[in-house]
Number of protein chains: 2
Amino acid sequence: MSKSEQKRQEIIETAEQRFRDYGYNKTTMAEIADDLKMSAANLYRFFKSKQDIAAACAERCMGERVDCLSRLVDEKHMTAGEKLLELVLEDVRYTHERAKNEPKVNELIDIVTRERKEIVLSKVESQCALIAEILKQGNESGEFDVDDVMISARTIYSSLTLFEVPIFLPLFTQQQFEEMAKNLVALLIKGLRKR
Amino acid sequence: MSKSEQKRQEIIETAEQRFRDYGYNKTTMAEIADDLKMSAANLYRFFKSKQDIAAACAERCMGERVDCLSRLVDEKHMTAGEKLLELVLEDVRYTHERAKNEPKVNELIDIVTRERKEIVLSKVESQCALIAEILKQGNESGEFDVDDVMISARTIYSSLTLFEVPIFLPLFTQQQFEEMAKNLVALLIKGLRKR
DNA sequence: TTTGTGAATATTCAACAAAATATTCATTAT
DNA sequence: ATAATGAATATTTTGTTGAATATTCACAAA
């Protein structure tokens, strides 16, 4: 890793910690710079703007998230149906836990969804790709009978909106969300299944 | 209809027109009163607050909407599957048309969803009831094989979030939304079907 | 040339006053 | 008693101004 790339990573980590603790709006470029013993001006040699730093943080988080879910998809001893259910439940839980334990992070999500739609889109793509992989495995094992794997993956993902978007959190308890998610996945799987 | 009930309706209609044309925030109690040749103070003999007027408008709209969809559910010459598809597509189209032709109405929706959750909940209930009725018909005709009609209806409704909520409108074109809706309904129906 | 800075400038935020508007109420009209 | 109002009060919005912060830049150090 180049020296400058190294420093970029340090900035991302430092900023992310502040964003977590105090929120995006309440952390200043000067504070991030101070943490790193540099001037605020110098941050601009690595990032074009504060929003760009936020975007980089978001991308890093999403990367970790996808890695985690990838491991689930690569599990050897689960059926495709079980994997799909776990993927969705894991998602529901993650959304809730984060809202509960890291409430300030929502500020970051707001900024990124508003100002950097590409990043959200790429997150959607990754998630669909994971679902598609599960469907493919299901086809291969004879468990599913899915014609177009990518279209079905996108369709399934579109049906998960209620569980993905933080604004709906106040509507139900986590338990209710999990219950709804289970019912939905059960219904979807019936529709995917080979007969 | 009592005299005072009559007047309530007039107020609702007048206010709704202003809300449509200028938005909730930009219409004042004084203006509504002027339209009706009365004083603002007098409005309070019929409604406890401006929000209450907005709520009444919303309920009236929702009532019309449910009536319209009810007719679809009562159609004689459509299969349950066709009805479900039409219900969802009609919903997608309605959401888009309204956003396009009556953009100010979203302000009203915001207020009501934020300050009068019961109203939104009752809308959800009505919509689920319509879906449940379609499922029941499908069971009776042998087209579907649904165990718990109400739970399935709620599950289906939960999967329609992307198509119900205006915030997602900027993400895709109406055509894309309709395409996604068709795919989703097709998948759901496969899951509901008797085999 | 690359890394960095302090100071200058541009933008955004926050606090507060003024104006607009919602809501209440004492009183009048019917 | 019921319907209605104008004026009084309470709340919300708007506009403004100073302070905080983001961003740029000319220049210095390595």
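Since the model is a prediction, treat every value here as computed from it, not as a measurement. Residue numbers begin at 1 in each chain, while the letters A, B, ... track the order of the sequences.
Side-chain atoms of Glu13(B) and Gln17(B) form no donor-acceptor pair, as typed in the model, at a separation below 3.5 Å. Of the N and O atoms on the side chains of Glu133(B) and Gln137(B), at least one donor lies less than 3.5 Å from an acceptor on the other residue. Asp52(B) and Ser49(B) are linked by a side-chain donor-acceptor pair at a separation below 3.5 angstrom, with hydrogens and angles left out of the test.
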Nucleic acid footprint by protein, nucleotides 2-27 of chain C - heavy-atom cut-off 4.0 Å, B for base, S for sugar-phosphate alone: -BBBB--------------SSBBB--
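Taking the six-membered ring where the residue is Trp, Phe172(A) and Phe177(A) present perpendicular rings, their angle passing 60° and hence far from 30°.
Atom CD in Glu5(B) sits roughly 17 Å away from atom P in dT2(D) (whole-Å rounding).
Grouped with Phe19(A) in one hydrophobic cluster are Ile11(A), Ile12(A), Tyr24(A), Met29(A), Ile32(A), Leu36(A), Met38(A), Leu43(A), Tyr44(A), Phe46(A), Phe47(A), Ile53(A), Leu108(A), Ile111(A), the linkage being side-chain heavy-atom contacts under 4.5 Å among Ile, Leu, Val, Met, Phe, Trp and Tyr residues.
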